[in-house]
Structure formats: C-alpha cells, structure tokens
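Quick caveat: nothing in here was measured; it's all calculated off a predicted structure.
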Amino acid sequence: MGTYGLVEAAGPVLDALGDPTRRAILETLRRGGPSSVSALAERIPVSRPAISQHLKVLGAVGLVDHESRGTRNIYRVDRTGLDELRDWLDQFWSDALDAYADHIRRTEVEHADVRRAEAEHADVRHAERTDERGSEAGQADEPAGEHRRMDERRGEAGHADDVLRPGKR
C-alpha cells in the first residue's frame, strides 16, 4: 500500500458506492437476497443493461459475486469486498476509542488531583479546628495554671503564714 494505506485499498469500494444506483442495487441484494438482473430491474427503475454495468463495477471491487444458473447469472452480496472498507472505517472507531480513553485518563488524573487537594484542605481545616480547641482548652485551664503558679511562688517564699509570721512554723 502507498502513502495513504487503507484509504487506497478502500478507495475503489468508496468510488463504487458513490453512485446511488449501485447503492440501491447493493441494498436490494442485501435485503432481498440473491437476484438475477431481470429481478433487480423490476425493483430498481433502471434498464437491464444499466443494471448489468453497475453489477460489473460492484463485482470488480468485490461487493457482489454471481453464479451461473443456465443462461442467467444470480447475483448476491459478497461481504469480503467490504473488508477493506470496514478496515478503513474501523480506524475512525479506533481513533474515537483512543481519544475517549485519553479523556478518561485525563479526567481520572484531574479528579485525583481535586480529591487530593480536597483532602489536604480538610486536613488543614481539621488542624485549625484542633488548634482552636486547644487554645480554648488552654484558656479554660488558665485559672488552674495560675493557681499552680501561685502555689509555686508560695513554696519559694514559704507558706503564707510563714511570710506573715516569720519564725513560726
């Protein structure tokens, strides 16, 4: 295959399907099953020679096949002719799925970052609340702390009675 790969292989099939009469013939064969040129000409408003020419084009790209039954040819859809077209079209599906997978990965990373930031913010808020509670508890304990300091000062200076009445204990 050349520079364009699968598009070159699918090109003739796309060209053949570019004609609305050929698409109508292929669709008639797909829905109605194998048919002769005469039966197709009855269902599609085109002459038998025109149907025959369109069937040649469809056959050349592998979209229809035929078998001889006496003096008539019976045409049917040949799905192998669609393989190149399907391979080419599947690239678009693969590209779309790859893009979707990339989007999911990016979204998961973004959500993980947001969850991490929220967790850090919650930790900070918790620490702040804990500090506030500690400060409040410290204020509530302050009178008791103050009494302890007074007791310690008394111990250094002696008992209050000793201070008032030196020499007596």
Under 4.5 Å between side-chain heavy atoms, hopping through other hydrophobics if needed: is there a path connecting Leu55 to Val57? no
Looking at side-chain heavy atoms only, is the closest gap between Pro34 and Glu67 below 4.5 Å? no
Rounded distance [0.5 Å steps], CD in Glu42 versus OG in Ser36: 7.5 Å
NE2 of His54 to CG of Asp19: how many Å apart, nearest 0.5 Å? 5.0 Å
Heavy-atom count check: over 12 atoms from other residues, nucleotides or ligands less than 6.0 Å from Arg79 CZ? no
Going by distance alone, is a donor N or O of one side chain under 3.5 Å from an acceptor N or O of the other, for Arg72 and Ser38? no
hydrophobic_cluster_shared for Leu40 and Ile74, side chain cutoff 4.5 Å: no
Determine the minimum heavy-atom distance between Val61 and Ala16, stating which atoms define it. CG2-CB, 3.8 Å
Arg86 versus Asp83, closest heavy-atom pair with distance: NH1-OD1, 3.0 Å
Looking at CG of Asp78 and CG of Leu29, how far apart are the two atoms once the value is rounded to the nearest 0.5 Å? 11.0 Å
Does Leu63 reach the side chain of Leu17, with side-chain heavy atoms less than 4.5 Å apart? yes
According to a 4.5 Å side-chain heavy-atom criterion applied to Ile, Leu, Val, Met, Phe, Trp and Tyr, with indirect links allowed, do Val13 and Phe92 form part of one hydrophobic cluster? yes
Roughly how far apart are Gln53 CD and Ile51 CD1, rounded to 0.5 Å? 11.0 Å
Do Leu26 and Val77 come close enough that some side-chain heavy atom pair is under 4.5 Å? yes
For Ala10 and Leu85, the nearest pair of non-hydrogen atoms, with its separation, is CB-CA, 4.0 Å
Sequence neighbours left out, what passes side-chain hydrogen bond (donor to acceptor under 3.5 Å, both in side chains) with Arg105? Give chain and number order. Asp102
Supply the atom-to-atom distance Ile44 CD1 to Thr28 OG1, rounded to the nearest 0.5 angstrom. 3.5 Å
With sequence neighbours left out, the residues meeting side-chain hydrogen bond (donor to acceptor under 3.5 Å, both in side chains) with Arg30 are Glu27
Within the side chain of Arg23, is there an N or O that forms a donor-acceptor pair under 3.5 Å with the backbone of Gly18? yes
As an exercise, state the distance from NZ of Lys56 to OH of Tyr75, rounded to the nearest 0.5 Å. 8.0 Å
Leu97 with Leu89, same ILVMFWY side-chain cluster at under 4.5 Å: no
